[in-house]
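Have a look at the structure below, then the notes.
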Amino acid sequence: MSRMVITGGAGLLGLNWAIRKASTYDIHLWLHKKNINLDGISSHFIELSNVDAIAKALDLIKPDVVINAAGLTSVYGCEHNPKHSELANFIIAKNIAIATSKRSIKLVQVSTDHLFAGTTSLNNEQSPIKCLNTYAKHKSMAENEVLAKHPDALVLRT
């Protein structure tokens, strides 16, 4: 069975992704503070701000794919703590991209639709980005850095 790592495993997206894919993947949730105990799903506390810790965990688990759903999604929280936003939404994504690229591990980077001003109804990859807040700025930076470090990564703008 293929192995999947999901960062942000205690969050709504990561947890639901894990539950949905548990029958077809050996799931490894990477957690920050909150522990998750689900039958058939492994949980690990990984320091995602440290690229060496990520590399060590990847070498142990040997996943086929990493889904990066980690981040600080509170726009209010990002505005009031931009350093934490930068760490959670940019630096962690960069670290994961570096470590997965070096190991030729597939990467899916979860981004956001906050990259757009909301003045058009349908946006695509060529639509101009207009970051209206700190959260969007750091997610945009993450997209650029992830694709620079891991050109084969898939970026999902949810």
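Below, all heavy atoms of this structure are taken into account, side chains as well, without hydrogens, waters or symmetry copies.
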(message) Taking side chain to side chain donor-acceptor pair (under 3.5 Å) as the definition, give me every residue that meets it alongside Ser49, ordered by chain and number, with sequence neighbours left out.
(response) Glu47

(message) So which atom in Ser43 and which in Leu31 form the shortest heavy-atom distance, rounded to 0.1 Å?
(response) CB-CD1, 3.6 Å

(message) List the residues meeting salt bridge (charged side-chain N to carboxylate O under 4.0 Å, His left out) with Lys149, not counting sequence neighbours, and say none if there are none.
(response) Glu145

(request) To the nearest 0.5 angstrom, please state how far the OG atom of Ser104 sits from the CG atom of Asp64. (result) 12.0 Å

(request) Keeping to residues at least two apart or across chains, list the ring pair (Phe, Tyr, Trp, His ring centres under 6.0 Å) pairs with something in residues 72-96. (result) Tyr76-His80

(request) Please check if Val75 and Leu13 belong to a single hydrophobic cluster, counting links between Ile, Leu, Val, Met, Phe, Trp and Tyr side chain heavy atoms closer than 4.5 Å. (result) no

(message) My understanding is that only residues two or more places apart in sequence, or in another chain, count here; which of them pass side chain to side chain donor-acceptor pair (under 3.5 Å) with Asn95?
(response) none

(request) Only counting residues at least two apart or in another chain, list the ones meeting side chain to side chain donor-acceptor pair (under 3.5 Å) with Thr134. (result) Glu79

(request) Kindly state each residue pair satisfying ring pair (Phe, Tyr, Trp, His ring centres under 6.0 Å) with at least one member in residues 138-158, sequence neighbours excluded. (result) none

(request) Of all the heavy-atom pairs spanning Gly14 and Ile6, show the shortest one and how long it is. (result) CA-CG2, 3.7 Å

(message) Tell me every residue that passes salt bridge (charged side-chain N to carboxylate O under 4.0 Å, His left out) with Arg103, counting only those two or more places apart in sequence or in another chain.
(response) Asp59

(message) Suppose the criterion is ring pair (Phe, Tyr, Trp, His ring centres under 6.0 Å): which pairs have a residue in residues 53-75, not counting sequence neighbours?
(response) none

(message) Can you list everything that forms a salt bridge (charged side-chain N to carboxylate O under 4.0 Å, His left out) with Glu143? Sequence neighbours excluded, please.
(response) Arg157

(request) Please check if Val146 and Leu154 belong to a single hydrophobic cluster, counting links between Ile, Leu, Val, Met, Phe, Trp and Tyr side chain heavy atoms closer than 4.5 Å. (result) no

(message) If you compare all heavy atoms of Ser140 against all heavy atoms of Cys131, which two are closest, and at what distance to 0.1 Å?
(response) CB-SG, 3.8 Å

(request) Might you point out which heavy atoms bring Leu122 and Ser127 nearest each other, and give the distance in Å? (result) O-OG, 4.5 Å

(message) As a quick check of understanding, evaluate side chain to side chain contact (heavy atoms under 4.5 Å, CB included) for Leu147 and Val155, giving each step before the final call.
(response) CA-CA 8 Å; Leu147 292 172; Val155 174; 4.0 Å; yes

(message) Can you confirm whether Lys102 sits close enough to Thr100 that some side-chain heavy atom of one is under 4.5 Å from a side-chain heavy atom of the other?
(response) no

(message) By the ring pair (Phe, Tyr, Trp, His ring centres under 6.0 Å) test, which pairs, at least two apart or in different chains, include something from residues 106-137?
(response) His114-Tyr135

(message) Quick check on the hydrophobic clustering: are Ile27 and Leu38 connected, directly or via other members, by side-chain heavy-atom contacts under 4.5 Å?
(response) yes

(request) First locate atom CD1 of Ile92, then atom CG of Leu48, and finally report the distance between them rounded to the nearest 0.5 Å. (result) 5.0 Å

(request) Might you work through the side chain to side chain contact (heavy atoms under 4.5 Å, CB included) test for Leu107 and Ser101, ending with a clear yes or no? (result) CA-CA 8 Å; Leu107 174 61; Ser101 180; over 6 Å; no

(message) If the condition is side chain to side chain contact (heavy atoms under 4.5 Å, CB included), which residues does Lys33 pass it with, not counting sequence neighbours?
(response) none

(request) Please name the pair of heavy atoms, one in Leu58 and one in Ala99, separated by the smallest distance, quoted to 0.1 Å. (result) CD1-CB, 3.6 Å

(request) State, yes or no, whether a side-chain contact exists between Cys78 and Asn133 at a heavy-atom distance under 4.5 Å. (result) no

(message) I'd like to know whether Leu29 forms a side chain to side chain contact (heavy atoms under 4.5 Å, CB included) with Ile41, so could you lay out the CA-CA distance, the side-chain angles of the two residues, the decisive distance to 0.1 Å, and finally the verdict.
(response) CA-CA 7 Å; Leu29 293 178; Ile41 295 177; 3.7 Å; yes

(message) Between Ile61 and Val5, does the side chain to side chain contact (heavy atoms under 4.5 Å, CB included) criterion hold? Intermediate values first, please.
(response) CA-CA 8 Å; Ile61 296 169; Val5 164; 4.1 Å; yes

(request) Would you name the heavy atoms of Ala88 and Leu72 that are closest together and state the gap between them? (result) CB-N, 3.6 Å

(request) Indicate yes or no: at least one non-hydrogen side-chain atom of Ile105 is less than 4.5 angstrom from one of Val65. (result) no

(message) Using the rule that Ile, Leu, Val, Met, Phe, Trp and Tyr join whenever any side-chain heavy atoms are under 4.5 Å apart, tell me whether Ile96 and Ile91 fall into a single cluster.
(response) yes

(message) Please report the interatomic distance CG(Leu156) to CG(Asp113), rounded to the nearest 0.5 Å.
(response) 12.5 Å

(message) Is there a side-chain contact between Val66 and Val108 in this structure, where contact means two heavy atoms from C-beta onward sitting under 4.5 Å apart?
(response) no

(message) With a sphere of 6.0 Å drawn around CG of Asp39, does it hold more than 12 non-hydrogen atoms of other residues, nucleotides or ligands?
(response) no

(request) Taking Lys139 for its side chain and Val110 for its backbone only, find out whether a donor-acceptor pair lies under 3.5 Å. (result) yes

(message) With rounding to the nearest 0.5 angstrom, report the CD to NZ distance, Glu86 to Lys137.
(response) 7.0 Å

(message) Nearest 0.5 angstrom please: Thr73 OG1 to Leu12 CG, how far?
(response) 9.0 Å

(request) Sequence neighbours left out, what pairs pass side-chain hydrogen bond (donor to acceptor under 3.5 Å, both in side chains) with at least one residue falling in residues 11-26? (result) Asp26-His28

(request) Measure the CG-CD1 distance between Asn68 and Ile54 for me, rounded to the nearest 0.5 Å. (result) 8.5 Å

